[in-house]
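Atoms within a ligand are numbered from 1 in the order they appear, just like the ligands themselves.
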Amino acid sequence: MIDGKKVLFSGMQATGNLTLGNYLGALKNWVSLSDEYLCFYSVVDMHSITVRQDPAVLRKRARSLLILYIAAGLDPEKNCLYYQSHVSGHAELSWILNCFTYMGELNRMTQFKDKASKHGDNINAGLFTYPVLMAADILLYQADVVPVGADQMQHLEITRDIAERFNNIYGDVFTIPEAYVGKVGARIMSLQDPSKKMSKSDENPNGGIYLMDDADTVMRKCKRAVTDSEGTFLYREEQPGLKNLIDIYSVCTGKTPDEVVQEFDGRGYGDFKMAVGEAVTSILNPLQKEAARLEKEKDYVDSIIKENAEKAGYYARKTLRKVQKKVGFPVRV
Ligand code: ATP
Ligand code: LTN
């Protein structure tokens with residue numbers, strides 16, 4: 001709790017271009033949570049270097065992601081929007097937590113196994129201890145809730161295990177965080193293969209709608225989206241491509257899937273795909289305009305980056321000092 005509000009922490013990596021899935025499944029929900037909680041939303045650039053990056057590209061993408069947080073509606077006065085690498089407490093706590101995490105636990109992480117098989121030439125120790133850094137992110141702010149997708153649940157579980165282990169030895173130091181699982185309809189699937197989630201690392205560019213896609217590109221991708229040959233307009237698992245498009249339309253327009261089915265019943269898929277394209281564009285258009293405007297407001301964005309890193313640093317230091325004392329580091333005089 002900070003100032004009577006529960007604390008929320010989440011972060012996103014600035015690797016790849018953000019998709020509509022990232023926006024509808026994460027960013028949009030973050031905005032709706034920012035009244036209820038005291039929120040820390042980080043651009044987790046330290047996590048990104050577990051995979052080799054081009055430094056100039058990473059720096060640029062990290063800034064664009066932070067700008068996107070603001071453009072999506074996160075008020076930088078109310079929410080703490082900052083780069084993970086600007087708050088040294090993440091690295092410091094991460095080291096300490098490494099000493100309370102077992103190799104066996106980390107060996108079980110499916111994301112590690114997955115990434116290690118994809119990057120066989122660079123299975124570095126950072127990739128292995130990635131979940132410990134993520135635990136440090138969360139525990140540093142004593143977060144009560146953490147909005148994460150299903151793929152990150154295992155990392156949240158290990159965070160809780162590490163925190164409980166530490167608390168059992170040293171007393172009540174860390175808040176044990178809970179996952180915040182968003183509303184249904186937020187899992188957006190690939191437009192080309194509706195059995196896979198829409199992902200920024202998909203090799204097929206037609207599978208995902210990127211947040212920076214222009215109206216023509218969005219329309220073309222929607223028109224090409226894989227559906228089925230049933231020709232019936234129903235919202236059901238047996239028609240996964242159509243179901244996904246209904247989900248997208250429904251989240252973009254605020255209508256329920258039932259209302260969408262009623263609206264398009266008896267009309268062709270072609271008509272519906274156009275409507276989806278328009279609905280998506282009407283969401284992306286203002287977002288893109290605001291992001292472009294902020295890209296030019298250098299001083300304003302710089303001041304937000306500085307102030308928010310200081311604010312995050314303040315809370316981080318409070319936890320860090322407590323932890324350092326508990327483990328026996330000499331007190332600063
Ligand atoms: P990558 O392809 O690099 O693994 P990703 O697109 O899967 O990236 P992440 O960086 O793992 O995205 O996730 C960022 C946030 O976006 C997470 O909170 C995740 O749950 C959410 N998210 C990602 N893809 C989708 C999707 N298709 N539908 C809903 N939410 C998503
Ligand atoms: N691993 C997450 C990003 C991430 C995160 C976090 C999410 C890093 N630290 C702390 C929630 C809380 C991902 O790749 N989506």
Is any N or O atom of [X], backbone or side chain, closer than 3.5 Å to an N or O atom of ligand 1?
| X | value |
| --- | --- |
| Q152 | no |
| K200 | yes |
| G149 | yes |

Q.
Suppose we measure from atom 9 (N) of ligand 2 to each protein heavy atom; which comes out shortest, and what is that distance?
A. D137 OD2, 2.7 Å
Q) Among protein heavy atoms, which sits nearest to atom 3 (C) of ligand 2, and what does the distance come to when rounded to 0.1 Å? A)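 The closest one turns out to be G11 O, 3.6 Å.
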What atoms of ligand 2 come closer than 4.0 angstrom to any heavy atom of [X]?
| X | value |
| --- | --- |
| V146 | 11 (C), 12 (C) |
| V148 | 11 (C) |
| F9 | 10 (C), 12 (C) |
| Y130 | 1 (N), 2 (C), 13 (C), 14 (O) |
| V44 | 8 (C), 9 (N) |

Give the ring-plane orientation class for [X] versus [Y], where under 30° counts as parallel, over 60° as perpendicular and anything between as tilted.
| X | Y | result |
| --- | --- | --- |
| H86 | Y83 | perpendicular |
| Y180 | Y37 | perpendicular |
| F9 | F40 | parallel |
| Y130 | H155 | tilted |

**Q.** Modelled atom types, side-chain donor and acceptor of N98 and T101, under 3.5 Å
**A.**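 Note: N98 and T101 side chains miss the donor-acceptor criterion.
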Those atoms of ligand 1 less than 4.0 Å from some heavy atom in [X]:
| X | answer |
| --- | --- |
| I188 | 26 (C), 27 (N), 28 (N), 29 (C) |
| R187 | 28 (N), 29 (C) |
| K197 | 5 (P), 7 (O), 23 (C), 24 (N), 27 (N) |
| M12 | 14 (C) |
| M198 | 24 (N), 25 (C), 26 (C), 27 (N) |

Q) Are T15 and ligand 1 in contact, using a heavy-atom cut-off of under 4.0 Å? A)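 No; T15 lies far enough from ligand 1 that no heavy-atom distance drops under 4.0 Å.
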Q: Kindly indicate, with the supporting measurements, whether the criterion side chain to side chain donor-acceptor pair (under 3.5 Å) is fulfilled by Y102 and N107.
A: CA-CA 9 Å; Y102 299 116; N107 256 326; over 6 Å; no
Q. Can you check whether Q111 has an N/O within less than 3.5 Å of an N/O in ligand 2?
A. no
**Q.** Nitrogen or oxygen atoms of S10 and ligand 2 under 3.5 Å apart
**A.**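 No, S10 has no N/O under 3.5 Å of an N/O on ligand 2.
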Q: State, to 0.1 Å, how close A291 and I67 come at their nearest heavy-atom pair, and which atoms those are.
A: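 The pair with the smallest heavy-atom distance is O-CG2, 3.7 Å.
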Q) Looking at N29 and L24, what are the two nearest heavy atoms and their distance? A)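 Answer, listing the atom of N29 first, then L24: ND2-O, 3.6 Å.
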Q.
Once you restrict to heavy atoms under 4.0 Å, what part of L133 touches ligand 2? Side chain, backbone, both or neither.
A. neither
Q. Passes side-chain contact (heavy atoms from CB on, under 4.5 Å), D45 versus R61? Steps please.
A. CA-CA 10 Å; D45 47 356; R61 283 199 169 140; over 6 Å; no
(Q) Applying side-chain contact (heavy atoms from CB on, under 4.5 Å) to R224 and L191, what does each step give before you reach the verdict? (A) CA-CA 8 Å; R224 282 195 196 163; L191 298 182; over 6 Å; no
Q) atom 15 (N) of ligand 2: which of H155, Q152, Q13, Q84 has the nearest heavy atom? A)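 The nearest heavy atom belongs to Q152.
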Q: Counting heavy atoms only, name the option from N244, D247, D151 that's nearest to atom 11 (O) of ligand 1.
A: D151
**Q.** Spacing of I246 atom CD1 and F272 atom CZ [to the nearest 0.5 Å]
**A.**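 The CZ atom of F272 is 5.0 Å from CD1 of I246, to the nearest 0.5 Å.
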Q: Using side-chain contact (heavy atoms from CB on, under 4.5 Å) as the criterion, point out the one residue from E92, R317, H90 that pairs with L140.
A: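 Only match with L140 under side-chain contact (heavy atoms from CB on, under 4.5 Å): H90.
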**Q.** Stepwise side-chain contact (heavy atoms from CB on, under 4.5 Å) check, V43 with Y69
**A.** CA-CA 9 Å; V43 171; Y69 284 3; 3.8 Å; yes
